[in-house]
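Here is the structure we will look at, set down as structure tokens.
Side chains included, hydrogens not; waters and symmetry mates left out as well; all remaining heavy atoms used.
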Amino acid sequence: QVQLVESGGGLVQAGGSLRLSCVASGRTFGNYAMGWFRQAPGKEREFVGCISWSGGSSDYADPVKGRFTIARDNAKNTVYLQMNSLKPEDTAVYFCAAGLLCSTRHDMYYYWGQGTQVTVSS
């Protein structure tokens, strides 16, 4: 089992930045690729980005490319989502997830956090 806890969400004005953190406990964090997803009210959960177990490769959804960056620190069992140039349409609950591969598909991830709310005001 892997337990994931997100933090760092909040209210920010458009154009601002936030950094989300996801701390893992349980099985070896470094064995897993980590993904970030988000879900806005009334919408399906969507892929934001992911990073490989080593941190050597990553992938991002088109709406966030160039604005969001994922990094991980395996020594701290933590993955980060740095969000810059935030837009109102980035408003959502953000989830981190652990899986064997960096994938855009949410069903490829085995473990999920409870989510953290990000609200971007215009």
Side-chain angles (χ1 to χ4, degrees):
Q1 288 285 339
V2 175
Q3 293 79 42
L4 303 172
V5 179
E6 303 96 335
S7 63
L11 174 64
V12 63
Q13 289 188 335
S17 298
L18 280 176
R19 188 178 77 157
L20 306 184
S21 299
C22 172
V23 179
S25 60
R27 289 183 178 268
T28 305
F29 174 73
N31 288 347
Y32 293 94
M34 298 298 296
W36 284 96
F37 290 76
R38 66 186 182 186
Q39 188 166 19
K43 295 188 177 181
E44 294 186 353
R45 190 168 300 190
E46 66 173 358
F47 171 74
V48 174
C50 62
I51 189 167
S52 63
W53 66 271
S54 68
S57 63
S58 58
D59 189 19
Y60 298 92
D62 286 343
V64 307
K65 279 182 181 176
R67 300 189 297 124
F68 290 11
T69 303
I70 299 174
R72 67 187 296 161
D73 185 340
N74 287 347
K76 295 182 178 180
N77 285 3
T78 303
V79 62
Y80 305 96
L81 178 64
Q82 178 67 45
M83 306 185 292
N84 299 329
S85 302
L86 283 162
K87 305 175 181 179
E89 51 263 44
D90 294 320
T91 295
V93 177
Y94 284 71
F95 301 87
C96 65
L100 293 182
L101 297 173
C102 184
S103 173
T104 63
R105 292 172 49 183
H106 64 82
D107 61 346
M108 295 296 289
Y109 294 86
Y110 303 133
Y111 306 106
W112 291 82
Q114 293 300 305
T116 185
Q117 176 71 47
V118 171
T119 303
V120 184
S121 63
S122 58

Looking at Pro88 and Ser122, what are the two nearest heavy atoms and their distance? CG-CB, 3.8 Å
Any side-chain heavy-atom pair from Trp112 and Leu4 closer than 4.5 angstrom? no
Donor-acceptor contact below 3.5 Å, side chain Thr28 vs main chain Gly30: no
Can you get from Val118 to Val79 by hopping between Ile, Leu, Val, Met, Phe, Trp and Tyr side chains that sit under 4.5 Å apart? yes
Is it the case that the side chain of Thr91 and the backbone of Glu89 share a donor-acceptor pair, with hydrogens and angles ignored and the cut-off at 3.5 Å? no
Search all heavy atoms of Pro63 against all heavy atoms of Arg67 and return the closest pair with its distance. O-NH2, 2.9 Å
Distance check, rounded to the nearest 0.5 Å: His106 atom NE2 versus Gln39 atom CD? 9.5 Å
With heavy-atom distances below 4.5 Å as the criterion, would you say the side chains of Leu100 and Trp53 are in contact? no
Where do Asp90 and Phe68 land on the side chain to side chain contact (heavy atoms under 4.5 Å, CB included) test, with the steps shown first? CA-CA 11 Å; Asp90 294 320; Phe68 290 11; 3.9 Å; yes
Quick one: CG on Leu101 to CE on Met108, what's the gap to the nearest 0.5 Å? 5.5 Å
Do Lys65 and Asp62 meet the salt-bridge criterion of a basic N to acidic O distance under 4.0 Å? yes
Determine yes or no for a side-chain-to-main-chain donor-acceptor pair under 3.5 angstrom, with Arg72 supplying the side chain and Asn77 the backbone. no
Suppose we screen for ring-ring contact (aromatic ring centres under 6.0 Å, His included). Which residues come up paired with Tyr109, at least two apart in sequence or across chains? Phe37
Are Cys50 and Met34 close enough that some pair of their side-chain heavy atoms sits under 4.5 Å apart? no
When you compare the side chain of Tyr80 with that of Ile70, does any pair of heavy atoms fall below 4.5 Å? no
Strictly distance-based, threshold 3.5 Å: is any side-chain N or O of Ser52 a donor or acceptor partner for the main-chain N or O of Ser57? yes
Just list the side-chain donor-acceptor pairs under 3.5 Å for residues 5-19, sequence neighbours left out, or say none.
{"residue": "Glu6", "atom": "OE1", "partner": "Gln114", "partner atom": "N", "Å": "3.1"}
{"residue": "Glu6", "atom": "OE1", "partner": "Gly115", "partner atom": "N", "Å": "2.8"}
{"residue": "Glu6", "atom": "OE2", "partner": "Cys96", "partner atom": "N", "Å": "2.9"}
{"residue": "Glu6", "atom": "OE2", "partner": "Gly115", "partner atom": "N", "Å": "3.2"}
{"residue": "Ser17", "atom": "OG", "partner": "Asn84", "partner atom": "OD1", "Å": "2.9"}

Whether the side chain of Arg38 engages the backbone of Glu46 through a donor-acceptor N/O pair (distance < 3.5 Å, no angle test) should be reported. no
Assess whether side chain to side chain contact (heavy atoms under 4.5 Å, CB included) is satisfied between Tyr94 and Met83, documenting all intermediate values. CA-CA 11 Å; Tyr94 284 71; Met83 306 185 292; 3.8 Å; yes
Give the intermediate values and the outcome of side chain to side chain contact (heavy atoms under 4.5 Å, CB included) for residues Val93 and Thr116. CA-CA 5 Å; Val93 177; Thr116 185; 6.0 Å; no
At their closest point, which heavy atom of Phe47 faces which heavy atom of Asp59, and how far apart are they? CZ-O, 3.8 Å
Within a strict 4.5 Å, meaning less than it, do heavy atoms of the Tyr32 and Val2 side chains meet? yes
Residues Thr78 and Phe29: closest non-hydrogen pair is N-CE2, 3.6 Å
Specify the closest pair of heavy atoms between Ser58 and Tyr60, including all atoms of both residues, with the distance to one decimal. OG-CE1, 3.5 Å
Under 6.0 Å from the six-membered ring centre of Phe95 and within 45° of its axis: does the NZ or CZ of Arg45 meet both? yes
